[in-house]
Amino acid sequence: MDKRDYIDLIKVTEGIIKLEKGVEILSGKSFEEGEGVSVYYLWEILRRNASEKFWYSDEFEDDTERYEMFSGILNDTELTPEEKYERLTA
């Protein structure tokens, strides 16, 4: 995946995060509940194309740590999409 596509997908995830907050306010539920869960496949695409330090691990604790680092960057509202790209692919 090239840089431009990756940054555009980061922008899409930022939009999904904003939408999810609105849905939670209105319904009390997140996209993790019900059919909305499919939006999180985008996170997995980004993760597979990120630096190896964020990739899936068969070791549960290691995978949890990797995913938390990865999602922490995606959820950081102080970083621009370009900065997120740099951190996720370095």
Side-chain angles (χ1 to χ4, degrees):
M1 175 179 313
D2 71 14
K3 180 178 180 177
R4 182 177 174 194
D5 289 341
Y6 201 94
I7 290 171
D8 285 347
L9 290 177
I10 289 171
K11 291 175 183 177
V12 172
T13 62
E14 291 175 337
I16 290 170
I17 290 167
K18 289 176 186 173
L19 285 171
E20 185 173 34
K21 288 179 183 177
V23 167
E24 284 182 285
I25 290 168
L26 294 172
S27 70
K29 296 181 181 180
S30 71
F31 289 152
E32 293 176 353
E33 303 172 56
E35 293 186 35
V37 74
S38 62
V39 300
Y40 292 110
Y41 287 118
L42 176 55
W43 274 246
E44 293 306 318
I45 293 167
L46 289 171
R47 189 175 180 200
R48 286 193 302 266
N49 286 276
S51 173
E52 189 174 338
K53 64 186 172 191
F54 299 112
W55 290 358
Y56 174 80
S57 171
D58 288 330
E59 177 64 40
F60 179 76
E61 289 179 18
D62 187 40
D63 187 58
T64 300
E65 182 179 319
R66 290 176 182 211
Y67 186 80
E68 286 177 1
M69 289 188 316
F70 170 80
S71 62
I73 293 169
L74 278 182
N75 288 310
D76 190 326
T77 59
E78 300 295 317
L79 297 173
T80 67
E82 292 78 11
E83 291 169 325
K84 291 176 184 181
Y85 169 82
E86 294 300 327
R87 292 187 185 192
L88 290 170
T89 59

Q. Shortest non-hydrogen contact from Asn49 to Thr89?
A. O-CG2, 4.3 Å

**Q.** Side-chain touch Arg66/Arg47, heavy atoms, less than 4.5 angstrom
**A.** yes

Q) Can you get from Met69 to Tyr56 by hopping between Ile, Leu, Val, Met, Phe, Trp and Tyr side chains that sit under 4.5 Å apart? A) no

(Q) For Ala90 versus Ser51, what's the shortest heavy-atom pair and its separation? (A) O-OG, 3.0 Å

Q) How about Glu44 and Tyr67: do any of their side-chain heavy atoms sit closer than 4.5 Å? A) yes

Q: Output the distance between atom CG (Leu88) and atom CD1 (Ile7), rounded to the nearest 0.5 Å.
A: 10.5 Å

**Q.** Trp55 with Leu42, same ILVMFWY side-chain cluster at under 4.5 Å
**A.** no

Could you go through residues 10-26 and list every donor-acceptor pair under 3.5 Å that involves a side-chain atom there, pairing it with any protein atom two or more places apart or in another chain?
residue	atom	partner	partner atom	Å
Thr13	OG1	Ile10	O	2.5
Glu14	OE2	Lys84	NZ	2.7
Glu20	OE1	Tyr40	OH	2.8
Glu20	OE2	Phe31	N	2.9
Glu20	OE2	Tyr40	OH	2.5

**Q.** Result of checking Asp62, Asp63, Thr64 against Phe60 for side chain to side chain contact (heavy atoms under 4.5 Å, CB included)
**A.** Thr64

**Q.** Pairing residues for Asp8 by the side chain to side chain donor-acceptor pair (under 3.5 Å) criterion, not counting sequence neighbours
**A.** none

Q.
If the condition is ring-ring contact (aromatic ring centres under 6.0 Å, His included), which residues does Phe54 pass it with, not counting sequence neighbours?
A. none

Q. CZ of Arg87: more than 12 outside heavy atoms within 6.0 angstrom?
A. no

**Q.** Interatomic spacing from CD in Glu33 to OG in Ser27 - rounded to 0.5 Å
**A.** 7.5 Å

Q) Where is the tightest heavy-atom contact between Tyr6 and Tyr85, given as atom of each residue plus distance? A) CD2-CD1, 3.4 Å

Q.
When you compare the side chain of Leu9 with that of Met1, does any pair of heavy atoms fall below 4.5 Å?
A. yes

Q: Any chance you could measure Glu86, atom CD, to Ile73, atom CD1, to the nearest 0.5 Å?
A: 11.5 Å

